[in-house]
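Here is the structure we will look at.
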Amino acid sequence: MIYPLQVVFILVSAVTLGAALMVVTTRNMVRAALWLVLALFGVAILFVLLEAGFFAVAQVIIYIGAIAILMIFAVMLTRRIAQDPGPQLNSTWPIAAVIALLVFGLIVFLVQVWDRAASLPPPLPQGFAPLQELGVALVSADRYLIPFEIASVLLLAALIGAIVVAWERK
Amino acid sequence: MSDPVTFVAKWLEAYLSGLGLASGWIAVIMAALGVIALGSAVLLLDILLVWVERKVVARFQDRLGPNRLGPFGLFQPIADVLKLLLKEDIIPQGADKFVYNLAPILALATVIMLWAVIPISATVAGSEINVGALYIVAVGALGTLSIIMAGWASNNKYALLGAFRMVAQMISYEVPMVIAILIPVILAKSMALTDIVESQTVWYIVLAPIAAIVFLIGAQAELGRAPFDLSEAESEIVAGYHIEYSGMKFGLFYAGELLHALTFGGLFATFFLGGWRGWGAETYPILGIGYFLIKSMFMYWVIMWIKYSFPRVRIDQMLNFCWKFLTPLILTVLSITAILDKLMSGLPYWAYVLGMLLSNLVILYFVYQAVGRYARRERQRVADPEKFRVNFPVKSTASPSHLP
């Protein structure tokens, strides 16, 4: 029995992984950034498949709309060095490969022993509004108010810092 | 028969399940057919828009516009499409071929993607996702990407400059526009566009006129239409990011631009003019499609009206207007709307509407005063620049001692 969602999942995952591989193997930096956009978009579709619409949309706004565009801008302003002629591997690549394989094996093992991985997730209760829950949780004093405020202050500090750095002193 | 779209969908679904398909696959087939139907309808409308735009521009400029082919020149767009298809397709030397070809497709596709969440009538809406308002912002980000791709891949410095200007403008004006969208979200207490339309017993343009105006200005800038058409300022950078494109690839950009304008008209109608709502639209959903199209077309006409009546602004004026005027204004309106919404939650609805309207009018009065003062000062400055001159201290290193 093949579910249509499974087909979509496999296709999207394959495209995401392929795009991620292209990001690190392409020598043209702008193209690498564009492949990164495709990989990030694939992750957004995976969020949609998990019925997490808010995360999918936030992924596209923040990662593609802000971060990827910023990277492309930075690369384009330095047009002469858009080609990366250097070697693509350094001497530590065997160690990295071993660690990556170990982590991959660990994840496969965990999914094997976790019994809920094979069953479909239970449907959400009727009338459950994840967006409202998230919003209330972020501003409730007994839940995530303090982390939320600290993150906001940090962002504000970064904003002011960026202005100070870019300030042209007369 | 009052709701043909749902009728056809129900009939198809029954037919498919009669063939013995699993319910999961039927859902996939129905979704795919829905995408094809909506996309084709929007693209067919797009062909008509070429005629609408040219005819309206002509009237604004006291001309007749296309009037040779067919009644009122209605068949002109078909001839235009044939011409674009037959034109030679040129790829400039040194261009990144793949990205160059992908950019126009992405430009049109992102506009069509916006229609996925717009409710067209009481029963017809592409997708009723609960983050519809945010989805629009996200798709707008993809549109920005298509422009930067076109500008870079053309291997032309005018194209790159046009793309930089356009992206700077889009990223800047996205901020006030997104905050303006948040105000209907606060009023409707939902991000789903279907809920926003359904809760508009009184159109939100009455409750939030400032947000509506800011949204319209933001849309104008997002579209790159005059007074914000710096990205294709002919006297400075020839044509902007699509300077190297010819034939149907340019056609895709052009079609995308026209459809984008109509889409923003539709979004304005959805957020502020009650979408498909109108007399009898609940009982006869087919009327809703008509109301929605009339409202969208009217707002499209307003966007064209602004475009063909205003001169182009300078780039510093464009950025100052966004960051020093629109953004603070809409942030103020947002906080006041949020506070008033909580304060007036117990009142009857007519008092709620009146309170919102009055608060907006008070803000508008102060804004009018401030803008008037600024304009007076600016006029004085232009009349007598000596009086306003600021002497910057000149650094000693500024002297060109390192030059021969």
Side-chain angles (χ1 to χ4, degrees), chain A residues 1-8 22 26 28-38 40-41 44 47-48 51-77 79 82-83 120 124 128-135 163 168-170, chain B residues 21-29 31-32 96 98-99 102-103 106 110 113 117 127-149 151-153 155 157 160-161 163-164 167-168 170-171 174 178 185 189-192 195 390-395:
Chain A
M1 185 65 203
I2 307 166
Y3 294 101
L5 280 185
Q6 267 176 332
V7 178
V8 177
M22 290 304 287
T26 312
N28 187 322
M29 303 251 278
V30 176
R31 280 197 167 193
L34 291 174
W35 281 113
L36 181 66
V37 168
L38 185 62
L40 294 169
F41 197 73
F47 276 129
V48 173
E51 295 189 28
F54 177 71
F55 286 123
V57 172
Q59 166 92 9
V60 173
I61 295 176
I62 296 168
Y63 282 96
I64 298 180
I67 294 179
I69 297 237
L70 197 68
M71 284 168 74
I72 294 173
F73 242 105
V75 175
M76 282 181 185
L77 286 172
R79 196 176 171 95
Q83 290 287 346
L120 285 172
L124 290 174
F128 177 73
L131 213 54
Q132 276 88 336
E133 289 279 317
L134 179 71
I163 295 172
E168 197 181 322
R169 283 184 184 76
K170 296 256 161 59
Chain B
L21 279 169
S23 63
W25 286 103
I26 291 181
V28 170
I29 293 172
D96 193 323
F98 182 71
V99 181
L102 189 63
L106 201 63
T110 49
M113 274 171 78
V117 291
S127 168
E128 298 180 15
I129 56 173
N130 58 356
V131 285
L134 273 181
Y135 172 87
I136 288 165
V137 182
V139 172
L142 292 178
T144 317
L145 196 67
S146 74
I147 287 170
I148 209 168
M149 279 163 70
W152 176 77
N155 192 26
K157 64 182 167 206
L160 195 61
L161 278 175
F164 279 160
V167 171
M170 283 175 95
I171 290 175
E174 216 164 51
V178 169
V185 169
K189 305 193 175 49
S190 168
M191 276 200 185
D195 292 348
V390 184
N391 286 315
F392 290 112
V394 180
K395 281 185 215 156

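Note on naming: letters A, B, ... go to the chains in the order of the sequence lines (proteins, then strands), and numbering restarts at 1 for each one.
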Checklist outcome for this item: So CZ of B:Phe98 and CG of A:Leu34: to nearest 0.5 Å the spacing works out to 9.0 Å
Next on the checklist: Given heavy-atom pairs under 4.5 angstrom as the criterion, report whether the side chain, backbone, both or neither of B:Leu142 touches chain A.
Outcome noted: side chain
Checklist outcome for this item: Closest heavy-atom pair, A:Gly65 versus B:Ala141, reported as atoms and distance to 0.1 Å, is CA-CB, 3.4 Å
Checklist entry - Counting only heavy atoms not in B:Phe164, do more than 12 sit closer than 6.0 Å to its CZ atom? => result yes
Item to check | side chain to side chain contact (heavy atoms under 4.5 Å, CB included) between B:Met191 and A:Phe54, intermediate numbers included | outcome: CA-CA 10 Å; B:Met191 276 200 185; A:Phe54 177 71; 5.5 Å; no
Next on the checklist: Please enumerate all residues that pass salt bridge (Lys or Arg N to Asp or Glu O under 4.0 Å) together with B:Lys189, with sequence neighbours excluded.
Outcome noted: B:Asp341
Checklist entry - For chain B, which of A:Val60, A:Ile61, A:Val37 has the most heavy-atom pairs under 4.5 Å? => result A:Ile61
Item to check | Listed partners of B:Ser190 passing side-chain hydrogen bond (donor to acceptor under 3.5 Å, both in side chains), at least two apart | outcome: B:Asp195
Checklist entry - For A:Phe73 and B:Val167, which heavy atoms make the closest approach, and how far apart are they? => result CE1-CG1, 3.2 Å
Next on the checklist: For A:Gln132, which atoms come within 4.5 Å of any heavy atom of chain B: side chain, backbone, both, or neither?
Outcome noted: side chain
Next on the checklist: Below 4.5 Å, heavy-atom pairs only: which of A:Ile64, A:Ile72, A:Ile69 has the largest tally toward chain B?
Outcome noted: A:Ile69
